[in-house]
Amino acid sequence: MREASEIIFVNRTNPDLDFPDIINHLCAKLYLSTLASGSEVQMQVVLEALAASALERQIVALVIDDAHRLESGVLARLYSFVTTPSLPNERLQVVLVGRPELEQKLATAQVLEKITTHCCLQAWSAIETSSFIYHWFANSAENYGDLIPSPPVIQTIVEYAHG
């Protein structure tokens, strides 16, 4: 993400929100005027910003982590909003990251079959998860190398995370 200069990433790690909250978040992170009240006006402001970004060959991507926690209705409204512009290059790109139940929610929202790119990753094995934890602590920018958890702690994390 740091190296993609042509993409403006808007990250959301707490998906406990409704659709107007998503629009508010986009306005705030894109530094758009939010003086106008009402989500319809704010949606129009975001759409205009997306069109302006497209003219500058910039892509705007909303990344929602823990997206499995979004309500199906919010997913349906988000999809409707994303497909509003007639030109695909003016559309907000959305990356939903979540647990396997996200796929069921997308199906319930009747958008799963309309998604252009879909990837479902399998859970890691206990060895892969342990290796990732060791690697992260040993190589993180914060230099946690001296604080690597003990094997029993890592085993507890592995069991809790389910890969």
Side-chain angles (χ1 to χ4, degrees), residues 1-124 132-133 135-137 139-144 157 160-163:
M1 289 172 60
R2 289 183 196 129
E3 296 172 9
S5 61
E6 71 282 359
I7 303 174
I8 300 167
F9 288 100
V10 176
N11 298 314
R12 183 66 194 196
T13 55
N14 179 7
D16 292 330
L17 35 98
D18 58 15
F19 182 72
D21 292 332
I22 291 173
I23 297 300
N24 284 333
H25 184 72
L26 282 167
C27 286
K29 294 298 182 178
L30 296 173
Y31 306 103
L32 303 174
S33 173
T34 56
L35 297 175
S37 61
S39 61
E40 293 299 321
V41 174
Q42 288 179 331
M43 285 175 19
Q44 189 58 42
V45 169
V46 171
L47 291 173
E48 290 169 5
L50 293 171
S53 293
L55 287 175
E56 296 177 17
R57 301 201 185 285
Q58 288 258 286
I59 298 166
V60 178
L62 172 64
V63 180
I64 302 177
D65 197 8
D66 285 335
H68 57 277
R69 293 172 35 195
L70 288 172
E71 296 293 327
S72 296
V74 173
L75 291 167
R77 284 200 65 197
L78 181 59
Y79 178 80
S80 177
F81 175 73
V82 167
T83 57
T84 298
S86 57
L87 299 173
N89 62 335
E90 294 183 359
R91 293 180 180 163
L92 175 68
Q93 302 300 304
V94 179
V95 179
L96 302 173
V97 181
R99 293 184 178 177
E101 54 261 38
L102 173 60
E103 200 160 354
Q104 177 59 40
K105 284 197 175 184
L106 291 169
T108 301
Q110 299 179 338
V111 297
L112 184 59
E113 68 278 355
K114 300 172 188 171
I115 295 174
T116 56
T117 304
H118 178 257
C119 179
C120 184
L121 301 177
Q122 301 302 314
W124 285 350
F132 172 78
I133 294 168
H135 174 79
W136 189 90
F137 274 91
N139 298 299
S140 74
E142 289 83 15
N143 198 14
Y144 290 115
I157 294 169
Y160 179 78
H162 303 288

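Since we're looking at a predicted model, the values are computed, not measured.
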> Is any side-chain heavy atom of Leu96 less than 4.5 Å from a side-chain heavy atom of Leu102?
Replying inline: yes
> Which heavy-atom pair separates Thr84 from Leu47 by the least distance, and what is that distance?
Replying inline: CG2-CD1, 3.9 Å
> Does the pair His162 and Arg99 meet the rule for a side-chain contact (heavy atoms from CB on, under 4.5 Å), with working shown?
Replying inline: CA-CA 11 Å; His162 303 288; Arg99 293 184 178 177; over 6 Å; no
>> Side chains of Ile23 and Phe81, heavy atoms from C-beta outward: is any pair under 4.5 Å?
In response: yes
> Under a 4.5 Å cut-off applied to non-hydrogen side-chain atoms, are Lys105 and Leu70 in contact?
Replying inline: no
> If every non-hydrogen atom of Glu90 is compared with every non-hydrogen atom of Ala54, which pair is closest and at what distance?
Replying inline: CG-CB, 3.9 Å
> Just how far is it from atom CZ of Arg91 to atom OG of Ser86, taken to the nearest 0.5 Å?
Replying inline: 7.5 Å
>> Within a 6.0 Å radius of atom CD on Gln110, are there more than 12 heavy atoms belonging to other residues, nucleotides or ligands?
In response: no
> So do Ile22 and Arg77 actually touch side chain to side chain, heavy atoms under 4.5 Å?
Replying inline: no
>> By the definition side chain to side chain contact (heavy atoms under 4.5 Å, CB included), identify the one residue from Leu50, Leu30, Ile59 that meets it with Ile8.
In response: Leu30
> Are His68 and Asp66 side-chain neighbours, meaning at least one heavy-atom pair lies under 4.5 Å?
Replying inline: yes
> Where is the tightest heavy-atom contact between Val60 and Ser53, given as atom of each residue plus distance?
Replying inline: CG2-OG, 3.8 Å
>> Among Leu62, Val95, Val63, exactly one meets side chain to side chain contact (heavy atoms under 4.5 Å, CB included) together with Phe9. Which residue is that?
In response: Val63
> Do the non-hydrogen side-chain atoms of Gln104 and Ser72 ever get within less than 4.5 Å of each other?
Replying inline: no
> Does the Arg57 side chain pair with the main chain of Glu6, one donor and one acceptor, at a distance under 3.5 Å?
Replying inline: no
> Which atom names give the shortest non-hydrogen contact between Lys29 and Val10, and what distance separates them?
Replying inline: CB-CG1, 3.7 Å
>> Apply side-chain contact (heavy atoms from CB on, under 4.5 Å) to residues Val111 and Leu78 and explain how you reach the verdict.
In response: CA-CA 10 Å; Val111 297; Leu78 181 59; over 6 Å; no
> Heavy-atom count around Glu71 CD within 6.0 Å, excluding the residue itself: above 12?
Replying inline: no
>> Under the criterion side-chain contact (heavy atoms from CB on, under 4.5 Å), I'd like the reasoning laid out for Leu106 against Leu75: C-alpha separation, chi angles, the key distance, then a yes or no.
In response: CA-CA 7 Å; Leu106 291 169; Leu75 291 167; 4.0 Å; yes
